[in-house]
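To start, the structure under review is shown below, and the notes come after it.
We count ligands from 1, going down the list as the structure has it; atoms in each ligand are counted the same way. Atoms considered below: every heavy atom in the structure, side chains included; atoms not considered: hydrogens, waters and symmetry mates.
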Amino acid sequence: MRPLDDPSVAEFRALAHQVIEAAAEFLGTIEARPVFPDVSGEEATRRFDAAIPEEGLGAAALQGDVLAEVAALSRVHHGGFLGYVMGTGLPVAALGELYGAVINQNVTAWRSAPAAVTIERSVVRALAEAVGCAGFGGSLTGGGSLANLMGLCMAREALASAGEAREEREEVAGGRAGVIYASAEVHMSIPKAAMLLGLGPRGLRRIRVDGRQRMEVAALEAAIAEDRAAGRRPLAVVATAGTVATGAIDPLEEVAEVAARHGLWLHVDGAYGALGALAVPEKFRGLGRADSLSLDAHKWLYQPVDCGCLLYRDAAAARRAFAHTDDYARSLTEDPIEGFAFFEESLELSRRFRALPLWLSLRYHGLAAFRAAMRQNLEQAQALARRVAEEPTLELLAPVELSVVCFRWRGAGEGQGQPGLDRRNAAILETVLRRGRVYLSNATVEGRFALRACFTNHRTRPADVEAVVAEVLAAAAVS
Ligand SMILES: *Cc1c(COP(=O)(O)O)cnc(C)c1O
């Protein structure tokens with residue numbers, strides 16, 4: 001039997017060396033790999049769904065070829081990966097993941113992890129400042145979905161505690177009243193949050209969008225008035241800064257005006273887009289008026305998953321929602337730094353050291369490099385849009401606001417109807433993925449099936465942009 005004693009330092013070094021070698025081999029060959037493995041579910045199961053050995057394998061358990069096999073059955077985020085909204089994972093950040101796991105801090109409170117808590121609070125403040133929300137606090141989360149849920153939970157508690165009558169307060173806190181407003185293009189994590197908050201099927205109203213996929217402010221205003229008149233209780237407005245389908249940015253300043261006029265909490269879902277304010281702040285005017293804002297460093301800050309973030313203006317609002325501290329966890333100090341506990345401002349208690357990879361990679365590359373990579377992604381999206389416009393058999397389906405391009409193959413005008421075009425483009429997408437050079441995903445834009453390329457990838461080069469067009473045309477010829 002191989003006991004759980006730590007390996008000797010020499011053994012640890014040798015094992016770590018094997019892992020680093022495998023990782024370096026992966027990175028060194030990343031551009032030559034197919035973007036998605038040619039493997040069936042059955043094959044993957046046969047390969048990896050094996051019984052855990054009763055007797056340990058020792059070093060063989062993590063020898064390079066085992067890890068290489070894992071990589072061989074994995075999606076690869078090389079320069080041609082343009083699906084969904086996916087940050088590519090900076091190698092320096094990955095080293096931070098390893099080191100953070102070795103020192104294994106539980107980032108609950110300052111007294112549990114002095115360095116980790118200090119670094120996280122500092123990085124969060126820096127991110128807030130970088131996107132135009134100077135003075136905001138917050139925490140790193142498992143992703144935008146959790147950040148959105150937490151922001152809306154804070155909104156509800158803020159309303160509940162502001163309620164005049166006790167009865168009203170209880171209704172809101174119990175989730176029986178309260179309506180959230182968001183655009184028709186809102187990310188699925190918002191309806192999920194409304195459901196988890198117990199707001200019921202009428203707890204989320206999706207507001208019409210304009211021709212640029214942005215929330216129509218007049219329709220928002222009308223919906224709030226209608227709900228008020230019907231005795232419902234408006235709770236929060238969610239503005240999206242970068243919709244997942246097309247990258248549209250709701251008119252933040254106008255939406256903030258409406259929210260302020262009606263005394264409503266403003267949450268901004270910036271999971272995809274808000275970090276874009278580092279490169280193009282002029283597109284994000286009004287972000288600083290949010291009460292809470294979610295953003296995802298594992299998207300457009302190129303961090304490995306998972307690294308989301310919730311920012312908020314007022315830490316007291318976070319504590320109102322999340323401080324339920326039992327005696328066993330209560331801090332014994334009044335010191336504002338040493339007494340700080342993330343768990344009093346977050347849904348999470350045990351938390352890993354998410355800030356270390358982020359902090360190391362920001363220090364290593366510097367903010368200017370991140371801004372440059374983002375600008376490059378914005379330019380790549382424009383370049384792809386231009387290429388699509390040049391091709392007679394392709395057409396753009398939405399304006400390119402940030403780094404998403406939605407387009408489709410439309411043929412040479414042989415008069416296929418909408419359902420035919422949708423089916424044909426779905427088939428083209430499947431062929432493109434099978435060919436393995438670039439990875440696109442899909443979206444529905446005004447009811448039409450769109451091929452979708454999202455540039456949040458620090459590895460993408462002009463040849464990858466060109467390959468998108470070439471691959472779609474090649475796939476159209478055989479699909
Ligand atoms: C990705 C995304 C989310 C969800 O974030 P996760 O980190 O995947 O949980 C929410 N909103 C938008 C606009 C997104 O792009």
Side-chain angles (χ1 to χ4, degrees), residues 75 77 81-89 93 124 127 131 138-153 180-197 204 206-207 209 212-215 236-250 252 255 266-277 283-284 287 290 292-311 346-348 351-352 354 357-358 374 377 381 398 401-406 441-445 450 452-457:
R75 198 172 73 188
H77 302 125
F81 183 85
L82 304 168
Y84 313 105
V85 190
M86 181 71 205
T88 21
V124 164
L127 287 183
V131 300
S139 63
L140 300 180
T141 67
S145 300
L146 181 59
N148 283 339
L149 173 63
M150 282 167 51
L152 290 173
C153 189
I180 294 169
Y181 304 84
S183 93
E185 290 292 303
V186 74
H187 185 265
M188 63 177 170
S189 55
I190 299 294
K192 199 183 277 191
M195 189 275 285
L196 288 169
L197 290 171
L204 174 68
R206 294 167 186 257
I207 308 299
V209 293
R212 290 169 61 193
Q213 311 292 311
R214 309 176 312 164
M215 189 194 289
V237 181
V238 176
T240 303
T243 60
V244 68
T246 68
I249 303 172
D250 287 338
L252 299 174
V255 172
L266 175 62
H267 175 76
V268 177
D269 179 1
Y272 156 38
L275 284 160
K283 284 186 185 284
F284 294 90
L287 214 51
S292 55
L293 163 67
S294 58
L295 44 86
D296 264 347
H298 64 220
K299 290 179 174 169
W300 217 358
L301 218 52
Y302 315 107
Q303 297 298 308
V305 278
D306 55 11
C307 190
C309 181
L310 177 70
L311 299 172
S346 166
L347 195 58
E348 296 178 288
R351 302 164 69 252
R352 62 195 195 84
R354 291 195 177 99
L358 181 53
M374 287 173 162
N377 285 156
E401 183 66 40
L402 287 174
S403 66
V404 173
V405 184
C406 286
S441 55
N442 60 284
T444 303
V445 181
R452 178 179 168 287
C454 179
F455 296 87
T456 45
N457 182 332

Report the C-alpha separation of Asn148 and Ser189 in whole Å, then their side-chain angles, then the decisive distance to 0.1 Å, and conclude whether the side-chain hydrogen bond (donor to acceptor under 3.5 Å, both in side chains) test is met.
-> CA-CA 7 Å; Asn148 283 339; Ser189 55; 3.0 Å; yes

For Gly308, is the nearest heavy atom under 4.0 Å from an atom of ligand 1?
->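 Not so, Gly308 does not reach ligand 1.
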
Take every heavy atom of Lys299, measure it against each atom of ligand 1, and state whether any distance is under 4.0 Å.
->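 Heavy atoms of Lys299 do come under 4.0 Å of ligand 1.
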
I'd like to check whether [X] has a polar contact with ligand 1, where a contact means an N/O of the residue lying under 3.5 Å from an N/O of the ligand.
X: Gly143; value: no
X: Asp269; value: yes
X: Thr243; value: no

Is any side-chain heavy atom of [X] closer than 4.5 Å to a side-chain heavy atom of [Y]?
X: Thr246; Y: Glu401; result: no
X: Val244; Y: Val404; result: no
X: Ile249; Y: Phe284; result: yes

Proximal ligand 1 atoms for [X], defined as those under 4.0 Å from one of its heavy atoms:
X: Asn148; value: 10 (C)
X: Ala271; value: 2 (C), 3 (C), 10 (C), 11 (N), 12 (C), 14 (C)
X: His298; value: 7 (O)
X: Ser189; value: 10 (C)
X: Gly242; value: 13 (C)

Heavy atom under 4.0 Å from ligand 1: found in Asp306's side chain, backbone, both, or neither?
->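 Under 4.0 Å from ligand 1, Asp306 contributes no heavy atoms.
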
Contact partition for Ser145 relative to ligand 1, non-hydrogen atoms under 4.0 Å = both

When you look at Asn457 and His77, which way does the side-chain hydrogen bond (donor to acceptor under 3.5 Å, both in side chains) test go after all the steps?
-> CA-CA 8 Å; Asn457 182 332; His77 302 125; over 6 Å; no

Shortest protein heavy-atom distance from [atom], along with the residue and atom involved:
atom: atom 4 (C) of ligand 1; answer: His187 CE1, 3.4 Å
atom: atom 6 (P) of ligand 1; answer: Gly144 N, 3.3 Å
atom: atom 5 (O) of ligand 1; answer: Asp296 OD2, 3.1 Å

Tyr272 and Thr240 side chains, donor-acceptor separation under 3.5 Å |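 There is no such pair (donor and acceptor under 3.5 Å, judged by atom type) between the side chains of Thr240 and Tyr272.
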
Determine, stepwise, if the pair Asp250 / Arg214 fulfils side chain to side chain contact (heavy atoms under 4.5 Å, CB included).
-> CA-CA 5 Å; Asp250 287 338; Arg214 309 176 312 164; 4.1 Å; yes

Working for side chain to side chain contact (heavy atoms under 4.5 Å, CB included), residues Ile190 and Arg206 | CA-CA 10 Å; Ile190 299 294; Arg206 294 167 186 257; over 6 Å; no

Could you go through the side chain to side chain contact (heavy atoms under 4.5 Å, CB included) check for Ser294 and His267 one step at a time?
-> CA-CA 8 Å; Ser294 58; His267 175 76; 3.7 Å; yes

What do the steps show when you test Val131 against Leu293 for side chain to side chain contact (heavy atoms under 4.5 Å, CB included), and what is the final call?
-> CA-CA 10 Å; Val131 300; Leu293 163 67; 4.1 Å; yes

